[in-house]
Amino acid sequence: MKILAETKTRMYKREEAIKLFDTILENDRTDIDSHLKLAYLTEQYEYDKAINSYTKALEFLEKEKTEVRSKKEEKDFTEDDFVNPIYYNNIAVLYMKKDMKAEAKQMIDKAKECLKAVKKISPQALKHKCVSVTLKFNEACHFESLGEIAEATNIYKYIIKEVPYYVDAYLRLAILANKRGSLPKAIEYGEKAVRFQLDRKPIVPYCVLGNFYRDRQMDMKAEKEFMNAISKNPADSYAYLSIGNIIYNYSCRLRSNPKKQEEKLREAMKRYLQAME
């Protein structure tokens, strides 16, 4: 049954895979691998179920790893003797999505504790740096949610110093600068996000930058950024809607030229219809 569940997962038949893993766990609640795979399948849509799956997996994992370490001397510890800190990080993200700030902070701290332990064993490993930066980002998001903007900003700046192409950190800095009323700084960070944009998130920096330009009434530049977003993802309804709004607002300034105004209104309507497709 487990092979079938994994096959359904690879075929993107999410609901069928979830039902199969649920059945597997009804028969064996100690199956750590199935708990984790169920967590992966549900973490985007069913936060409570994902948290429950991660928590159960970690309950067994922590017990297992503690028992392994108890039979060794500290100098003989390996990375496999500790829980992967990314699991605690994933739970922290889920708690943040549910606005459960204290629980999120607790998981971030546990992840940092685990990371500290494995870094002692292989301090130069690149994967540890990746996990460390991810934890830093989520910690900054946590401070941001608490309204501790200065602390969050400092961490985001630390991240882009360590990893200059960390797009999400630039975007958060841009958004925080915009909230402070510093649109030039917001645009500066937005432009850097576009410069370092990653293939996995090709449209987000363009839309954010487009919004900043629009806030400064720089409509031509804003429209260009939204068009960049569409060139990366022709199905981006938000970009079409934004362009429609820019064109509509422009048409409102053409009352002295009814023919030109009607032309622009038709163009705006075309964009609105594309957003709804």
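Predicted model only: the values in this text are computed from it and were never measured.
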Discussion item. Could you walk me through whether Glu151 and Leu146 satisfy the side-chain contact (heavy atoms from CB on, under 4.5 Å) test, starting with their C-alpha distance in whole Å, then the side-chain angles of each, then the deciding distance to 0.1 Å, before giving a yes or no?
Written reply: CA-CA 10 Å; Glu151 186 69 30; Leu146 294 174; over 6 Å; no

Discussion item. Would Lys185 and Glu188 count as a salt bridge (Lys or Arg N to Asp or Glu O under 4.0 Å) here? Give the steps.
Written reply: CA-CA 5 Å; Lys185 199 67 180 175; Glu188 179 187 334; 3.4 Å; yes

Worksheet item: side-chain contact (heavy atoms from CB on, under 4.5 Å) between Thr153 and Arg180: does it pass, once the steps are laid out?
Response: CA-CA 12 Å; Thr153 299; Arg180 293 195 303 270; 4.0 Å; yes

Discussion item. With salt bridge (Lys or Arg N to Asp or Glu O under 4.0 Å) as the criterion, how do Arg271 and Glu223 come out once you've worked through the C-alpha distance, each side chain's angles and the decisive distance to 0.1 Å?
Written reply: CA-CA 12 Å; Arg271 297 302 186 184; Glu223 185 174 354; 5.4 Å; no

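Contact between Cys114 and Pro85 at its shortest, heavy atoms only, is CB-CB, 3.9 Å. The two residues Ala5 and Ala17 come nearest to each other via the heavy atoms O-CB, 3.7 Å. Across all non-hydrogen atoms, the minimal contact from Cys141 to Met96 is CB-SD, 4.2 Å. When every heavy atom of Lys157 is checked against every heavy atom of Leu173, the shortest pair comes out as CG-CD2, 4.1 Å. Pairing each heavy atom of Ala169 with each of Phe137, the nearest pair is N-CE1, 3.8 Å. Scanning both residues, Ala177 and Ala186, for their nearest heavy atoms gives CB-N, 3.7 Å.
Around NZ of Lys63, the count of heavy atoms belonging to other residues, nucleotides or ligands within 6.0 Å does not exceed 12. When the shell of 6.0 Å around NZ of Lys65 is examined, it contains more than 12 heavy atoms from other residues, nucleotides or ligands. Few gaps surround NZ on Lys72; more than 12 heavy atoms of other groups in view lie less than 6.0 Å from it. Crowding of Arg29 atom CZ: a count of heavy atoms from other residues, nucleotides or ligands under 6.0 Å not exceeding 12. At most 12 non-hydrogen atoms from other residues, nucleotides or ligands lie less than 6.0 angstrom from NZ of Lys116.
Between Glu62 and Lys110 the shortest side-chain heavy-atom distance falls below 4.5 Å. The side-chain heavy atoms of Lys49 and Leu41, taken from C-beta on, include no pair separated by under 4.5 Å. Using a 4.5 Å heavy-atom cutoff, the side chains of Thr7 and Ile3 are in contact. Residues Ile230 and Ile243 have side chains in contact (heavy-atom distance under 4.5 Å, counting atoms from C-beta outward). Considering only heavy atoms from C-beta on, Glu139 comes within 4.5 Å of Lys112 through its side chain. Residues Lys2 and Glu6 form a side-chain contact, since some pair of their non-hydrogen atoms from C-beta on lies under 4.5 Å apart. Contact check for His142 versus Asn138: no side-chain heavy atoms found under the 4.5 Å cut-off. For the pair Glu64 and Ile32, the minimum side-chain heavy-atom distance is below 4.5 Å.
Tyr40 and Leu25 fall into different hydrophobic clusters, where Ile, Leu, Val, Met, Phe, Trp and Tyr are joined by side-chain heavy atoms under 4.5 Å apart, directly or via other members. Hydrophobic clustering, with ILVMFWY side chains joined whenever heavy atoms are under 4.5 angstrom apart, groups Phe143 together with Leu176. Side-chain heavy atoms closer than 4.5 Å link hydrophobic residues (I, L, V, M, F, W, Y) into clusters, and following such links, possibly through other members, connects Ile149 to Tyr189. Residues Tyr95 and Leu36 share a hydrophobic cluster, clusters being chains of Ile/Leu/Val/Met/Phe/Trp/Tyr side chains in contact below 4.5 Å. No chain of hydrophobic side-chain contacts below 4.5 Å, direct or via other Ile, Leu, Val, Met, Phe, Trp or Tyr residues, connects Val118 to Val68.
Side-chain atoms of Asn154 come within 3.5 Å of backbone atoms of Ala150 as a donor-acceptor pair (strictly under, hydrogens ignored). Checking side-chain atoms of Asp28 against main-chain N and O of Ile24 turns up no donor-acceptor pair under 3.5 Å.
A distance of 5.5 Å separates CZ of Phe21 from NZ of Lys37, quoted to the nearest 0.5 Å. Remark: Tyr156 OH to Glu144 CD distance equals 4.0 Å, nearest 0.5 Å. The distance from atom CD1 of Ile86 to atom CG of Leu135, rounded to the nearest 0.5 Å, is 6.5 Å. Taking CG of Asn90 as the start and OG of Ser53 as the end, the distance is 12.5 Å to the nearest 0.5 Å. Remark: Asp31 CG to Phe60 CZ distance equals 9.5 Å, nearest 0.5 Å. Considering CE of Met107 and CD1 of Ile51, their distance stands at 9.5 Å, rounded to 0.5 Å.
Checked by atom type, the side-chain pair Glu43/Tyr54 shows a donor-acceptor distance below 3.5 Å. Glu113 and Tyr88 share no donor-acceptor pair across their side chains, judged by distance under 3.5 Å alone.
The only option from Asn89, Asn84, Ile91 that meets the side chain to side chain contact (heavy atoms under 4.5 Å, CB included) definition with Tyr87 turns out to be Asn84. The salt bridge (charged side-chain N to carboxylate O under 4.0 Å, His left out) test with Glu262 is passed by exactly one of Lys260, Lys264, Arg266: Arg266.
Using a 4.0 Å cut-off between charged side-chain N and carboxylate O, Arg172 and Asp168 make no salt bridge. Electrostatic pairing of Glu67 and Lys71 counts as a salt bridge here, judged by a charged N lying under 4.0 Å from a carboxylate O.
Ring geometry for Phe82 versus Phe77: interplanar angle over 60°, hence perpendicular rather than tilted (30 to 60°).
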